[in-house]
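Just so it is clear, the model here is predicted, and its values are computed rather than measured. The chain is numbered in sequence order, starting from 1. Whatever order the structure lists them in is the order used to number ligands and atoms, beginning at 1.
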Amino acid sequence: MKLAIASDHAGFGLKNRILRYLSEKKVDAVDFGADGRDSVDYPDYAIQVAESVSKGTLDRGILICGTGIGMSITANKFPGVRAALCHNAVTAEASRRHNDANVLVLGERVLDEETAVQIVRIWLETDFEAGRHQRRLDKIHAIEKAHPD
Ligand code: RB5
């Protein structure tokens, strides 16, 4: 699996921690920035990750901003992207099992590093359950098809 990852300035510190974890676990990741704590606009970074997942050039994505909210709103504009803002082990696991989330969103200002790394580990290790959950995803997909522009 190859990941796309990006943050804004507010998520930059946690992004570095997650990149370190991914490298320890030998998970390939393309880092789309940001490159420091200078103020930037989160949509510019969410777009790059969401587009690569939407187009299938990369398998899954991780986005980090202050709260995770702006990154979630932006990423979920892209067809086929199911971005999930997760806060703990329960939401991380459910986002994969029930929602087949292909983008994980984290908030540096609302999470401690240990919890964030635990969320990433669970999110990477957990499979989609399909079954009744697939029917629900099909309904989401139908919304995208009904509103192409
Ligand atoms: C930046 O100050 C902050 O607004 C951003 O990181 C994010 O939390 C937006 O949702």
Side-chain angles (χ1 to χ4, degrees), residues 1-25 27-126 128 133 136-137 139-149:
M1 184 192 329
K2 195 158 181 176
L3 294 179
I5 186 167
S7 72
D8 68 356
H9 56 288
F12 177 70
L14 183 56
K15 183 186 67 165
N16 286 336
R17 177 68 190 89
I18 301 301
L19 279 169
R20 212 163 66 237
Y21 173 77
L22 295 174
S23 141
E24 280 162 23
K25 295 291 168 192
V27 178
D28 268 355
V30 179
D31 180 4
F32 288 96
D35 300 323
R37 289 287 189 190
D38 289 346
S39 184
V40 294
D41 299 332
Y42 59 79
D44 296 336
Y45 296 87
I47 285 167
Q48 299 185 65
V49 167
E51 203 158 56
S52 56
V53 173
S54 182
K55 289 184 173 163
T57 44
L58 293 165
D59 302 307
R60 287 205 233 158
I62 298 179
L63 286 167
I64 308 160
C65 62
T67 59
I69 296 170
M71 290 294 199
S72 305
I73 292 170
T74 312
N76 279 313
K77 299 286 181 200
F78 286 76
V81 168
R82 293 176 300 279
L85 175 54
C86 295
H87 291 103
N88 51 36
V90 174
T91 51
E93 187 176 335
S95 80
R96 290 290 310 134
R97 276 198 201 295
H98 292 200
N99 312 109
D100 197 17
N102 51 14
V103 174
L104 170 66
V105 189
L106 303 171
E108 177 173 333
R109 292 176 182 160
V110 296
L111 282 176
D112 61 80
E113 281 195 351
E114 194 187 331
T115 305
V117 169
Q118 182 195 33
I119 289 170
V120 171
R121 179 180 58 73
I122 292 169
W123 188 76
L124 289 173
E125 287 174 357
T126 307
F128 178 46
H133 302 297
R136 293 155 188 170
L137 295 194
K139 291 187 178 187
I140 297 172
H141 187 56
I143 299 170
E144 288 177 348
K145 280 186 117 175
H147 302 274
D149 297 310

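Side-chain atoms of W123 and I62, non-hydrogen and from C-beta on, do get closer than 4.5 Å to each other. Taking 4.5 Å as the limit, some side-chain heavy atom of R96 sits within range of a side-chain heavy atom of R60. A 4.5 Å side-chain heavy-atom check between T67 and L85 finds every atom pair outside the cut-off.
For ligand 1, the atoms lying closer than 4.0 Å to a non-hydrogen atom of G66 are 5 (C), 6 (O), 7 (C), 8 (O). Each of the atoms 9 (C), 10 (O) of ligand 1 lies under 4.0 Å from some heavy atom of G70.
Remark: minimum distance from atom 3 (C) of ligand 1 to any protein heavy atom is reached at R109 NH1, 3.9 Å. The nearest heavy-atom contact from the protein to atom 7 (C) of ligand 1 is C65 SG, 3.4 Å.
Counting heavy atoms under 4.0 Å from ligand 1, residue D8 touches it through the side chain alone. With a heavy-atom cut-off of 4.0 Å, A10 touches ligand 1 through its side chain alone.
For the ligand labelled ligand 1, residue H9 lies inside the 4.0 Å heavy-atom shell. Ligand 1 lies nowhere less than 4.0 angstrom from a heavy atom belonging to E108.
Aromatic ring orientation, H98 versus H133: parallel (interplanar angle below 30°, classes split at 30° and 60°).
Proximity of atom 10 (O) of ligand 1 to the protein is indicated by at least one non-hydrogen atom lying closer than 4.0 angstrom.
Partners of H87 according to the ring pair (Phe, Tyr, Trp, His ring centres under 6.0 Å) rule, which considers only residues two or more places apart in sequence or in another chain, do not exist here.
Below 3.5 Å of separation, one finds an N or O of T67 facing an N or O of ligand 1.
Annotation: the span from I18 atom CD1 to D31 atom CG amounts to 12.0 Å, rounded to 0.5 Å.
Of all heavy-atom pairs between F12 and D35, the closest is CE1-C, 3.4 Å.
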